Amino acid sequence: MGSLFSLTLIILSWASLLSMKTEAEGIRSARLLDLLIRDYTIKSFDRHLRTGIVHTVHLPANFSGIKVDTARFRCGSLHRYGAQVKEFHLGSGVTVQPCAERVMVVRQNFGYNWSSIYYANYDLSGYQLVSPVLGLLAYNAGTDVSLGSPFQLGILAREKPIKIDFSNITKASNMTGIRPLCASFEGDGKVTLKNQVSRNVCVATRHGHFGLVIESPPSMPVRKKISRWKVVVGSSIGAALGAFLLVLLLVAMFVKVKKKARMKELERRAYEEEALQVSMVGHIRAPTASVTRTKPTLEHEYIPYPS
């Protein structure tokens with residue numbers, strides 16, 4: 001009986017883990033992610049925790065990379081004194097609507113991996129995140145919050161805006177000459193961009209999700225990778241073609257030299273066969289007389305006397 005009970009517990013545990021893994025893998029909506037984090041935060045809610053103390057919410061392993069902290073406040077005290085919840089500084093004068101007595105403030109840090117969901121839910125074309133997306137939300141924190149359905153409250157900071165310090169979590173701290181913009185992700189799917197009030201510090205007048213962005217660098221043309229065998233074959237063909245052209249050049253030069261020598265020989269013969277014979281003495285042309293016999297003459301010619 002005991003072994004059957006243990007086997008049943010193991011099966012139920014595996015089924016629960018598989019269900020949570022499937023749930024996390026199927027998340028494509030930033031709003032759905034907020035609701036899941038809210039449910040796990042409410043389940044871990046401890047009514048005995050002191051008011052104003054920030055404590056960490058432990059999420060399931062399939063939500064690794066997401067950090068959640070929460071604190072409970074009295075609405076009146078929060079309005080008079082403000083509060084510091086991790087990167088969020090709420091100044092005095094902040095109001096929560098509607099709030100009867102207590103409010104649960106939830107801070108979210110989605111990390112770089114889970115922040116990529118915001119690329120799919122918001123139009124960030126031309127920009128890229130250089131910080132994790134941070135969330136500041138509020139829920140009712142009455143005595144029966146763990147039993148009933150929690151509902152979201154609004155945080156408004158009309159007198160002193162909420163400061164969000166990204167100094168310890170942004171990659172922009174190592175970038176010189178680049179000043180990121182503050183991005184506010186609205187509930188209607190719009191993104192509002194503003195300048196920082198100081199280095200890595202943004203301000204907001206209400207709850208929501210925030211991050212730092214910079215303009216995306218222009219995309220470089222992707223060079224196709226040529227396979228190694230194509231490089232080898234191309235090099236071989238190029239070398240063979242070069243050798244063939246070199247041989248042709250040598251043959252052409254040899255033929256030209258032979259032709260020039262032949263022309264000189266023909267020219268030499270032509271000069272030697274001219275009417276006024278011209279002989280080549282070395283490289284100099286010199287005329288030569290033809291050999292002729294001298295006409296014989298009588299030394300003593302007889303002239304007969306007249307009779």
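Owing to the predicted nature of the structure, the values given are computational and were not obtained by experimental measurement.
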Quick check on the hydrophobic clustering: are [X] and [Y] connected, directly or via other members, by side-chain heavy-atom contacts under 4.5 Å?
X      : Y      : result
Leu32  : Ile66  : yes
Leu129 : Val201 : no
Ile162 : Val203 : no
Leu241 : Val233 : no
Phe151 : Val105 : yes

Spacing of [X] atom [atom1] and [Y] atom [atom2] [to the nearest 0.5 Å]:
X      : Y      : atom1 : atom2 : value
Arg158 : Thr95  : CZ    : OG1   : 5.5 Å
Asn121 : Ser116 : CG    : OG    : 10.0 Å
Glu87  : Leu136 : CD    : CG    : 10.5 Å
Thr170 : Asp165 : OG1   : CG    : 10.5 Å
Leu90  : Ile164 : CG    : CD1   : 9.5 Å
Lys67  : Ile37  : NZ    : CD1   : 13.5 Å

Exercise for the section: Examine distances only and state if a side-chain atom of Ser92 and a backbone atom of Tyr81 form a donor-acceptor pair shorter than 3.5 Å. Expected result: no
Exercise for the section: Measure the acute angle between the ring planes of Trp114 and Phe63, then classify it against the limits of 30° and 60° as parallel, tilted or perpendicular. Expected result: parallel
Of all the heavy-atom pairs spanning [X] and [Y], show the shortest one and how long it is.
X      : Y      : value
Ser131 : Leu212 : OG-N, 2.9 Å
Val103 : Ala138 : CG2-CB, 3.7 Å
Leu153 : Pro98  : CD2-O, 3.0 Å
Arg199 : Arg179 : N-NH2, 4.3 Å
His209 : Phe110 : CD2-CE1, 3.7 Å
Arg72  : Thr51  : O-CG2, 3.1 Å

Problem - Exceeds 12 heavy-atom contacts within 6.0 angstrom, atom CG of Asn113 - result: no
Practice task
Inspect the surroundings of CD in Gln97 and state if more than 12 heavy atoms from other residues, nucleotides or ligands are less than 6.0 Å away.
Solution key: yes
Handout entry: Residues Asp123, Val191; criterion side chain to side chain contact (heavy atoms under 4.5 Å, CB included); working and verdict
Key = CA-CA 7 Å; Asp123 184 12; Val191 181; 5.8 Å; no
Problem - Phe166 and its side chain to side chain contact (heavy atoms under 4.5 Å, CB included) partner, picked from Cys202, Pro132, Pro180 - result: Cys202
Exercise for the section: Take Ile169 and Leu134 through the side chain to side chain contact (heavy atoms under 4.5 Å, CB included) test and state the conclusion after the steps. Expected result: CA-CA 10 Å; Ile169 60 172; Leu134 299 179; 3.6 Å; yes
Handout entry: Audit row: Asp34, Gln108, side-chain hydrogen bond (donor to acceptor under 3.5 Å, both in side chains) steps and yes/no
Key = CA-CA 9 Å; Asp34 283 341; Gln108 307 165 331; 3.2 Å; yes
Exercise for the section: Would you mind reporting whether Leu181 and Asn195 have side-chain heavy atoms less than 4.5 Å apart? Expected result: yes
Completion exercise
From the list Phe185, Tyr127, Tyr112, ring pair (Phe, Tyr, Trp, His ring centres under 6.0 Å) partner of Tyr118 resolves to Phe185
Handout entry: Arg50 vs His55, side chain to side chain contact (heavy atoms under 4.5 Å, CB included): CA-CA, chis, key distance, verdict
Key = CA-CA 10 Å; Arg50 292 178 56 187; His55 73 279; over 6 Å; no
Problem - Test log, rule side chain to side chain contact (heavy atoms under 4.5 Å, CB included), inputs Phe73 and Val94 - result: CA-CA 12 Å; Phe73 300 95; Val94 65; over 6 Å; no
Handout entry: Option among Gln84, Lys163, Lys160 that satisfies the side chain to side chain donor-acceptor pair (under 3.5 Å) test with His89
Key = Gln84
